[in-house]
Amino acid sequence: MTRVTRASRPPAAQPPAGCPAHQGAAPPPEVTPLHGPDFAADPHAVYRRLRRYGPVAPVELAPGVRAHLVTDYRAALDVLRSPEAFAKDARRWRALADGRVAPDNPVVPMMAYRPNCLFTDGEAHRRLRQAVTDSLARIDPNALRGYVERSADVLVDRFTTAGEADLLGDYAKVLPLLVFNQLFGCPPALGDRLVEGMSGIFDGVDAERANALITSTLTELIALKRRQPGADVTSWLMAHPAGLTDEEMIHQLVVLMGAGTEPQQNLIAGALRLLLCDDRFAGDLAGGTMPVDDALDEVLWLDPPMANYGVHYPTADLDFAGVRLRAGEPVVVSFAAANTDPALRPEHHSGQRTGNRAHLAWSAGPHHCPAKDPARLIASAAVERLLDRLPDMELAVPADRLVWRPGPFHRALTALPVRFPPQPVPVSASDAPGPWTGPAGAFGHPGGEPARTAPYASPTTPVPARTPAPTPETFGDRRWNVPPAPSRSTPPAGTSTARPPASGPTARRSPWSSLGAWWRGR
């Protein structure tokens, strides 16, 4: 592996013309685009080409937006763990400040400065990060899992009789919205608009309009919670000793919502794709493995929902991994490329990775994801519940016909069509309101939980008692409160969660019937 060093020093002298010592040097790298259908179809082929130039290579994130992409695992850690050399504050982005990148460029909403914990450094970051960490610590994981399962039942009930579904549009995309609405005390009408706006930002489609939609919608939510605070993350952020202003509240919610919807749906859909396509995760049950957990880790290693992000800006001109980086030029960490770095130990690239959580899907250093535990819980519960309800699913198209959405930052399918034997909707669910039936949606009251008479249950699963919908004055669920007081210390930065590398999908169907029976009989 190329040795990674950081040193702020003058640029290296140019080699003399015709110098024999430099005759075999690699030619200057071409700028590689990370946008368009070709990159979306096979990003790992692009990463392999970029590695020929070393740990860092020049790329184009969108037309007119240049950056350097870090594809080496150790170099990525060096960037993520060195805030004194690589800052997150996007006000350092010279090309945007100088007008060389237009404000309406599609990647600007994902990269431009916001006063939240993602785009700040030093004491400002610690203050904003603490408010997020303490508020998330108040979520009861048992209540969260129960809510995910009940929301999953609401969604499955809507297509179980059809014998077919798009697991992305009908399930993975909607479920995080329902959970977000609950966690943040957000009426579904506002939640729908937030997801629309966030999808536009990730896709780079009319991103300026999408950014405006998010800002106006969150302004409404914050005004609502000022009038009617409840037991939800939005209200906890407002009440935190950090004393967040309304502007800071908007942008704290932007980063939490961005991480809780688009990447979450991609993690769920990615794990379902593997379970449908790859027999490694559904066929070897006798050995006591946990195929759903393994599938999640496979996605986090090979195709992390945020494949390329962690944008940093050198605080000064410096030589890094053999490349001269200029102050204020974007340096983007490729979590996907770093995770598949050929220089990693062999167990990172084989089935021996089970239990290995050293991937970078959750980033690392002071800006590692503070919500990785609830994010993983949501994805795990969503996949397990769907598997329990529809154990005989199979892909409705060959695996190699699945299409990936273009974009430099995410790894996201356009659809995940499946078919299965039609099943009757449980009688107890026939009167359950769906998530799109009006302002109160599936919650009875905005921010409440689904107003179901009795959620679906398999023969061995106890039916949880129905919890009354909260009153309009509450706009949340008291069960999110955890008895112990929230921690006042930010947890130490870890490198991440992870597991095995991925193999290409096959067209074979996984034995879902056996896997469903195994889950029910745990």
Side-chain angles (χ1 to χ4, degrees), residues 109 113-120 124-140 143-144 147 176-198 201 210-261 370-371 374 435 438-449 468-482 485-488:
Y113 172 78
R114 297 176 188 270
N116 62 29
C117 58
L118 184 61
F119 293 101
T120 50
H125 169 256
R126 283 187 286 273
R127 169 178 163 267
L128 297 171
R129 169 78 178 217
Q130 195 67 61
V132 169
T133 301
D134 290 345
S135 297
L136 293 177
R138 298 183 67 170
I139 298 172
D140 182 345
L144 177 58
Y147 187 76
L177 169 61
L178 299 182
V179 176
F180 178 85
N181 289 350
Q182 175 71 9
L183 285 173
F184 290 80
C186 181
L190 295 183
D192 196 9
R193 286 159 51 189
L194 288 172
V195 170
E196 177 188 350
M198 195 58 65
I201 285 181
N211 193 43
L213 180 62
I214 289 172
T215 301
S216 64
T217 305
L218 287 177
T219 300
E220 289 185 43
L221 175 61
I222 290 167
L224 173 66
K225 304 313 292 185
R226 293 282 188 205
R227 296 191 306 269
Q228 296 175 307
D232 52 66
V233 174
T234 307
S235 300
W236 295 334
L237 281 170
M238 287 181 175
H240 193 272
L244 303 181
T245 66
D246 279 4
E247 183 185 17
E248 290 173 333
M249 280 293 305
I250 288 174
H251 295 291
Q252 292 279 76
L253 291 173
V254 165
V255 71
L256 289 171
M257 191 264 184
T261 53
F443 305 102
H445 292 289
E449 67 173 307
T471 64
E473 291 74 27
T474 300
F475 276 80
D477 189 332
R478 292 295 175 188
R479 294 176 306 137
W480 297 128
N481 285 294
V482 176
S487 168
R488 293 298 176 203

Pair R114, N211: side-chain N/O donor-acceptor within cut-off below 3.5 Å: yes
Contacts of R127 that satisfy side-chain contact (heavy atoms from CB on, under 4.5 Å) - sequence neighbours left out: A242, L244, E248
F180 and L194, any side-chain heavy atoms less than 4.5 Å apart: yes
Separation between OG1 of T219 and CG of D246, rounded to the nearest 0.5 Å: 8.0 Å
Donor-acceptor contact below 3.5 Å, side chain Q252 vs main chain L128: yes
Spacing of E247 atom CD and N116 atom CG [to the nearest 0.5 Å]: 10.5 Å
Shortest non-hydrogen contact between D232 and G185, atoms and distance: CB-N, 3.6 Å
Check: A231 main-chain N/O paired with S235 side-chain donor or acceptor under 3.5 Å: no
Over all atoms of both residues, closest heavy-atom pair of P370 and V132: CG-CG1, 3.9 Å
Beyond-backbone contact of L144 with P374, side-chain heavy atoms, under 4.5 angstrom: yes
M249 versus I222, closest heavy-atom pair with distance: CB-CD1, 3.6 Å
K225 NZ to F184 CZ distance, which is reported to the nearest 0.5 Å: 11.5 Å
Where P176 and G260 come nearest, the two heavy atoms and their spacing: CB-O, 3.5 Å
Spatial distance of atom CG (L218) from atom CG (L224) [nearest 0.5 Å]: 12.0 Å
Qualifying residue for side-chain contact (heavy atoms from CB on, under 4.5 Å) with C186, from V233, L253, L221: L221
Partners passing salt bridge (charged side-chain N to carboxylate O under 4.0 Å, His left out) against R193 (at least two apart in sequence or in another chain): E220
From T215 atom OG1 to H251 atom NE2, the distance as rounded to the nearest 0.5 Å: 6.0 Å
Test log, rule side-chain contact (heavy atoms from CB on, under 4.5 Å), inputs L256 and L237: CA-CA 11 Å; L256 289 171; L237 281 170; 4.0 Å; yes
V254 side chain near L118 side chain, heavy-atom distance below 4.5 Å: no
pair C117-F119: side-chain heavy atoms closer than 4.5 Å: no
Spatial distance of atom CD1 (I139) from atom CH2 (W236) [nearest 0.5 Å]: 6.0 Å
